[in-house]
Amino acid sequence: MIKNKRQMEKHWQDYWDKIKLFEPDLKNSEHKYYCLMMFPYPSAALHIGHMRNYTLGDTLARYKIMQGFNLFTPMGWDAFGLPAENAAIKDGIHPAESTAKNIATMKKQLREWGVGYAWSKEINSSSPEYYKWTQWLFLQLYKKGLAYRKKAKVNFCPSCQTVLANEQVIEGKCERCSTAVVQKELEQWFLKITAYAERLLEDLNTLTKWPEKVKTMQKNWIGRSEGAEVKFKLQATSYRLQDRESIKVFTTRPDTLFGCTYLALSTEHQIIEKLKSKVENSKEIEKYIEETKKQSISTRDILGKEKSGVEIKGVKAINPVNNQKIPIWVVDYVLMEYGTGAIMAVPAHDQRDFEFAKKYNLPIKKVINPLPATLYPLPASQAYEGEGTLINSEKYNGLSSQEAKEKITADLQKKGLAEKKVLYRLRDWLISRQRYWGTPIPIIYCPKCGTLPLPEKDLPVVLPRDVQFKPGGESPLKRKSNFIQTTCPKCGSLARREADTMDTFIDSSWYYLRYLSPQDKKDAFNSSLVNRWLPVDQYIGGVEHAIMHLLYARFINKFLYDCKLVNFNEPFTSLFTQGMVIKDGLKMSKSKGNVVYPDTLIEKYGADAVRLYILFIAPPDKDVEWNSKGVTGMWRFLKKVEQLAAGGRLQAASQKTKNLKPEVALRRNIHQTIKKVTEDMERFHFNTAISSIMELVNYLSRYPFPVSRYPLEVIILLLAPFAPHFCEEIWQNVLKNKGSVFKHPWPRYESRFIQPEKALIIVQVNGKLRAKIEVERDTSEKELKELVLKEEQLKKWLTKPIKKIVVVPNQIVNIVI
RNA sequence: GCCGGGAUGGCGGAAUUGGUAGACGCCUGGGACUUAAAAUCCCAUGUCCUUUAUGGGCGUGUCGGUUCGAGUCCGACUCCCGGCACCA
């Protein structure tokens, strides 16, 4: 085996730097290939899970170089975020310091793995040179009316006196001190992503090279639904309401209106406050609302637990279709953020309403008969949520759900009680964070002039370095008086800065544009360069980003498109979502304490063997349970290749043997392997690509004749993207080729060498394998039948008369008896 | 709770369009070489049955269906993983 593995690897890492293998010529965008990995958050050290992501990208990048593309594969750091700030609170290390340290470690590791990037284009989202332009982006959104302020809830820990992220709330308690978390309302900044809902949904259709599952998830997240907004008038039981109050609900099922037996309101619905004086049990309701405020704001916590509610006594709602008086409940399973914050409950035809009605003994009225009715008797334990024929619905009886939706909505519309409506589940993007380690929001509050955007010439708003991290009721920036105090850009009087920073998802929503000109002092990005190099040809990242990051990036790209700053409507042409590395049943992550670092494995077997193994154990889009054991197999494989290349069998084979048969078979094998590996590369099936190369190597190492250069060179070329150091070493120092293996074109196959002259026919009797026969290729159906029926070994199976023979030429014959 | 995905030998996985289930690798067992060990090479390796064969039954999470033929398609279910808007 090659001596001084680490030294050899380092030699080639230096060599690739020297020949600038990964440095692009940005002036020449012809035949360009922009290969982008989601930029990472700089955590302490990279583990096997990260290594899987980066070797996957690097393997693709090297393959594209060999295919002759003008490759651009940059790397940077999504460096703002919560963990660094938490570390600062805990250990007193400044986030800038820990981040810089982590970045240095990660760069070293990436290099040791042989992962190459265009490092001259590196970016860091926490540097003023970068976040200046994140602030600029915010100002553009503000200018177009897409950034606005409104009240929103946060999780607050009364003991730590600090705002908590959902992640920091464990079963309703603060992760640090276990104090019960409360909800608090604050004025916060939002981006109007809902203005783009329709386009974000519609344009998913143009993303033909995105995984279906990601598009489905985004589609469901945007959640377009067509329905009607229906008005329920209110009536007090003991006295008249002075003004005609009403409650609006949104429903996709107006056909079930006759089955509505109560209304359910979110605890935040404004009508509750309005009705306060007229309600008999307002104390009880107030108490209930207070209780629900003591839970986390996270939807999964709210919707995951058992539903509860309390009836508003003394006021009823009037069902507009039949004037029936129905009760109104305040519940915890209706979200204020979606629709009108109130729903019409139809227990017979909605499972959540059904369960709630069962719990509180509310009437359940069936109004939809499934079709065909006799086949689906309604089970008593659940609601029928499908469509069907209307029953118990007066003059609408007998109509189909579809017809009834139209008709009922239209009839109510005439009376001013309903309106057709399209609703999206997507909510506006809350970007305010009450934290230090993020991009400051470039807004100034002047007591005279009000809320003002910072003039662009004054950017960036620099994040002060010297702050107090220990929690003290307010975020670190709010307590930093020389940051907060400023002068109004309009009138010059004393004003204060916004103290909140931005969600880090904004940093990552535009970074792919900055890579082309990371040092540009005049613009966020260079439009002409960006328009030539984008959209990104291949975007690679984790499935966990399938919804939020990708939706935000698409939104921002569309916004910049509307500003005519980019000329492409979607930023990422094709997307590959890689699976996660699982250890002990959980995603590998430091916080879960189940990380495995690759360093000792690399020390023992070399980076190439570990790279190979990591790509070999599973297709890259699947999750994989980590087990270090199999690396030895890759080590053995590389040794075998080396021996083959270095061995004395490397001779001019064709002259030494007159036997053409094995030569033909060898040639077929080589060309088949090239075909298979190339096809597998294209569909990211790196695991089967590697096993095909292994099969060819196994074949060659048993080949009873001397082997020529060609098959060896093919093997090294096919293997180079996976095991770059090893192959560069063999290519240049054993096979004595001039220049980098990556500058050599990817091998091509010729179809005429692949087709075998014989076909193996599988013979089945009633679908069970009974014989295999070899015949000439393209033997006709008729001949095949005859051949098969003559077969001796089949005789014993053909005990009964033959009913039918199914023939698939060159493949299979199935005799049915 | 809602949305998306997954389940194949002792283990990771293969089977691209419905057509030989288990490629490739790991582990394990046996053998060769060696004073010995390591390394390497060779053989075996889903499971059960028998008369040990060029044999047969069963077998891709569970139950049912479609088909000449199902890991692959359809229906119902179980378990696991990811996301759910302040982790990134």
Side-chain angles (χ1 to χ4, degrees), chain A residues 38 40-41 43 78 80-83 86 154-155 163-169 211-214 216-221 223 297-307 333 337 351-352 355 425-435 503-505 508 542-549 551-552 579-580 582 585-587 589 591 613 616-619 621-627 629-634 636-637 639-640 643 679-680 683 685 687-688 690-695 698 760-769 771-772 793 803-806 808 811-817:
Chain A
M38 289 181 185
Y41 178 79
S43 47
D78 188 12
F80 276 137
L82 193 58
N86 283 342
V154 293
N155 295 309
V163 173
L164 298 178
N166 283 342
E167 197 196 40
Q168 297 173 296
V169 181
E212 277 313 311
K213 64 169 175 178
V214 173
T216 308
M217 281 191 266
Q218 292 218 351
K219 195 177 152 205
N220 293 339
W221 185 262
I297 60 164
S298 162
T299 46
R300 62 174 160 255
D301 294 340
I302 297 164
L303 300 177
K305 59 176 203 49
E306 206 198 14
K307 302 159 217 9
Y333 73 97
E337 290 85 358
Q351 190 59 21
R352 284 174 312 170
E355 282 160 22
R425 208 186 68 100
L426 182 69
R427 307 204 298 256
D428 275 341
W429 179 6
L430 194 169
I431 59 154
S432 294
R433 297 292 180 270
Q434 295 69 42
R435 295 184 214 291
D503 180 5
T504 55
F505 273 126
S508 57
V543 239
E544 64 271 27
H545 294 296
I547 297 175
M548 299 180 66
H549 161 62
L551 199 65
Y552 293 144
M580 272 168 299
I582 306 289
L586 295 165
K587 172 182 173 179
S589 85
S591 60
Y613 178 60
F616 177 73
I617 46 175
D621 55 332
K622 295 262 157 49
D623 290 352
V624 63
E625 167 79 32
W626 180 255
N627 177 356
K629 263 187 175 171
V631 187
T632 46
M634 302 301 126
R636 278 177 210 148
F637 165 64
K639 256 200 282 193
K640 207 187 257 187
Q643 274 159 12
E679 284 169 2
D680 281 350
R683 56 182 190 132
H685 282 212
N687 55 332
T688 47
I690 295 168
S691 64
S692 307
I693 303 172
M694 285 176 165
E695 284 180 89
N698 288 345
L760 187 67
I761 303 293
I762 302 306
V763 185
Q764 299 179 330
V765 177
N766 283 352
K768 282 193 198 293
L769 173 70
K772 299 174 189 178
Q793 42 182 332
K803 273 195 203 155
K804 174 173 167 188
I805 301 178
V806 181
V808 183
Q811 258 191 48
I812 206 158
V813 175
N814 190 11
I815 305 167
V816 188
I817 61 168

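Small disclaimer: the values here were computed from a predicted structure and weren't measured. The sequence lines fix the lettering, A, B, ..., with proteins before strands; numbering per chain opens at 1.
- Look at CD1 on A:I431: it is 14 Å from C1' on B:A85, rounded to the nearest Å.
- Heavy atoms only, all atoms of each residue included: A:A546 and A:V214 are closest at O-CG1, 3.7 Å.
- Nucleic acid contact for A:I815: none, since no nucleic acid atom lies under 4.0 Å from a heavy atom of the residue.
- For A:E679, the salt bridge (Lys or Arg N to Asp or Glu O under 4.0 Å) criterion is met by A:K675, not counting sequence neighbours.
- To the nearest whole angstrom, the two P atoms, one in B:A21 and one in B:U16, are 14 Å apart.
- Rounded to whole Å, atom C1' of B:A85 lies 9 Å from atom CD1 of A:I297.
- Between B:C68 and A:K804, a contact under 4.0 Å exists linking OP1 or OP2 to a side-chain N or O.
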Give the dot-bracket line for RNA chain B from 5' end to 3' end: parentheses for intra-strand Watson-Crick or G-U pairs under 3.5 Å, square brackets for crossings, | for inter-strand pairing, dots for unpaired.
(((((((..(((......[....))).(((((.......))))).(((((..).))))..(((((..]....))))))))))))....

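- Applying the salt bridge (Lys or Arg N to Asp or Glu O under 4.0 Å) criterion to A:D428, with sequence neighbours excluded, gives no partner residue.
- Nucleotides of RNA chain B nearest to A:D428 and A:N627 differ in position, and the one nearer the 5' end is that of A:N627.
- Scanning for salt bridge (Lys or Arg N to Asp or Glu O under 4.0 Å) contacts around A:R683 gives A:D680, with sequence neighbours left out.
- For A:K803 and B:C68, the NZ to P distance is 10 Å, given to the nearest whole Å.
- With both ends at atom C1', the span from B:G18 to B:C73 equals 8 Å, rounded to whole Å.
- Contact annotation for A:V169: no contact, since no heavy-atom pair falls under 4.0 Å across all strands.
- Among the atoms of the strands shown, base atoms are found under 4.0 Å from some heavy atom of A:I812.
- Distance A:Q218 CD to B:C84 P: 14 Å, rounded to the nearest Å.
- Taking both residues in full, the closest heavy atoms of A:I817 and A:N766 are given as N-OD1, 3.1 Å, listed atom of the first, atom of the second, then distance.
- Remark: C1' of B:U16 and CG of A:D621 are 13 Å apart, rounded to the nearest angstrom.
- The shortest heavy-atom contact between A:G767 and A:N814 is N-OD1, 3.0 Å.
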Give me the distances for all protein-to-nucleotides 74-83 of chain B N/O pairs that come in under 3.5 Å?
residue: B:C81; atom: O2'; partner: A:D623; partner atom: OD2; Å: 3.2

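- For the salt bridge (Lys or Arg N to Asp or Glu O under 4.0 Å) test, no residue two or more places apart in sequence or in another chain qualifies with A:E695.
- Residue A:F505 is in base contact, counting any heavy-atom pair closer than 4.0 Å across all strands shown.
- The nearest pair of heavy atoms linking A:D623 to A:M580 is OD1-N, 2.8 Å.
- Nearest nucleotide to the side chain of A:K622, out of B:U20, B:G6, B:G5: B:G6.
- Dashed line: the shortest gap from a side-chain N or O of A:R427 to OP1 or OP2 of B:A85 is not under 4.0 Å.
- The nearest whole Å value for the distance from the CD atom in A:Q643 to the C1' atom in B:C41 is 11 Å.
- Side-chain atoms of A:E625 and base atoms of B:C11 include no donor and acceptor less than 3.5 Å apart.
- Of the candidate nucleotides B:A39, B:U16, B:C68, B:U16 has the atom lying nearest to any side-chain atom of A:E679.
- Residues A:V813 and A:Q764 have side chains not in contact (no heavy-atom distance under 4.5 Å, counting atoms from C-beta outward).
- B:G9 and B:A23 have their C1' atoms separated by 14 Å, given to the nearest Å.
- Partners of A:W221 according to the ring-ring contact (aromatic ring centres under 6.0 Å, His included) rule, which considers only residues two or more places apart in sequence or in another chain, do not exist here.
- Using a 4.0 Å heavy-atom cutoff across all strands shown, A:L82 reaches sugar-phosphate atoms only and no base atom.
- One can place CD of A:Q811 at 10 Å from C1' of B:G18, the figure rounded to the nearest angstrom.
- Remark: A:N220 is in phosphate contact with B:G4, judged by side-chain N or O atoms under 4.0 Å from OP1 or OP2.
- For A:V154 against A:Q434, the heavy-atom pair with the smallest separation is CG1-OE1, 3.9 Å.
- One finds no side-chain N or O of A:T504 lying less than 4.0 angstrom from the OP1 or OP2 phosphate oxygen of B:C87.
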Under a 4.0 Å heavy-atom criterion, the protein footprint on nucleotides 24-32 of chain B, written with B, S and -, is BSSS-----

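- Taking atom P on both B:C33 and B:G22, the two are 34 Å apart, rounded to the nearest angstrom.
- Between the P atoms of B:U45 and B:G25, the separation comes to 15 Å (whole Å).
- When the side-chain hydrogen bond (donor to acceptor under 3.5 Å, both in side chains) test is applied to A:R433, the partners found at least two apart in sequence or on another chain are A:D503.
- Base orientation of B:G9: syn, since the glycosidic angle falls within 90° of 0.
- By the side-chain hydrogen bond (donor to acceptor under 3.5 Å, both in side chains) test, A:E625 pairs with no residue at all, sequence neighbours left out.
- Between A:V816 and A:L760, the residue whose closest nucleotide on RNA chain B is further toward the 5' end is A:L760.
- Contact between the side-chain N/O atoms of A:K307 and the OP1/OP2 oxygens of B:G1 is not found at any separation under 4.0 Å.
- Within the nucleic acid shown, A:E306 has no heavy atom closer than 4.0 Å to any nucleic acid atom.
- Taking the six-membered ring where the residue is Trp, A:F505 and A:H545 present perpendicular rings, their angle passing 60° and hence far from 30°.
- Taking atom C1' in both B:U67 and B:C74, one finds a spacing of 12 Å when rounded to whole Å.
- Looking at residues two or more places apart in sequence or on another chain, you find a ring-ring contact (aromatic ring centres under 6.0 Å, His included) between A:Y613 and A:W626.
- Spacing between B:G71 and B:A37 at atom C1', rounded to whole Å, works out to 45 Å.
- Taking every heavy atom of both residues into account, A:S691 and A:F616 meet most closely at CB-CE1, 4.0 Å.
- For A:N155 and B:C86, the CG to P distance is 10 Å, given to the nearest whole Å.
- For A:T299 and B:A85, the shortest distance from a side-chain N or O to OP1 or OP2 is below 4.0 Å.
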Interface polar pairs with nucleotides 53-58 of chain B, N/O, under 3.5 angstrom:
residue: B:G57; atom: OP1; partner: A:R770; partner atom: NH2; Å: 3.2
residue: B:C58; atom: OP2; partner: A:K768; partner atom: NZ; Å: 3.3

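- If you check every strand for non-hydrogen atoms under 4.0 Å, A:P619 touches sugar and phosphate atoms only.
- Using a 4.5 Å cut-off on side-chain heavy atoms (C-beta onward), A:L82 and A:R435 make contact.
- For the C1' atom pair drawn from B:U60 and B:U8, the interatomic distance equals 4 Å after rounding to whole Å.
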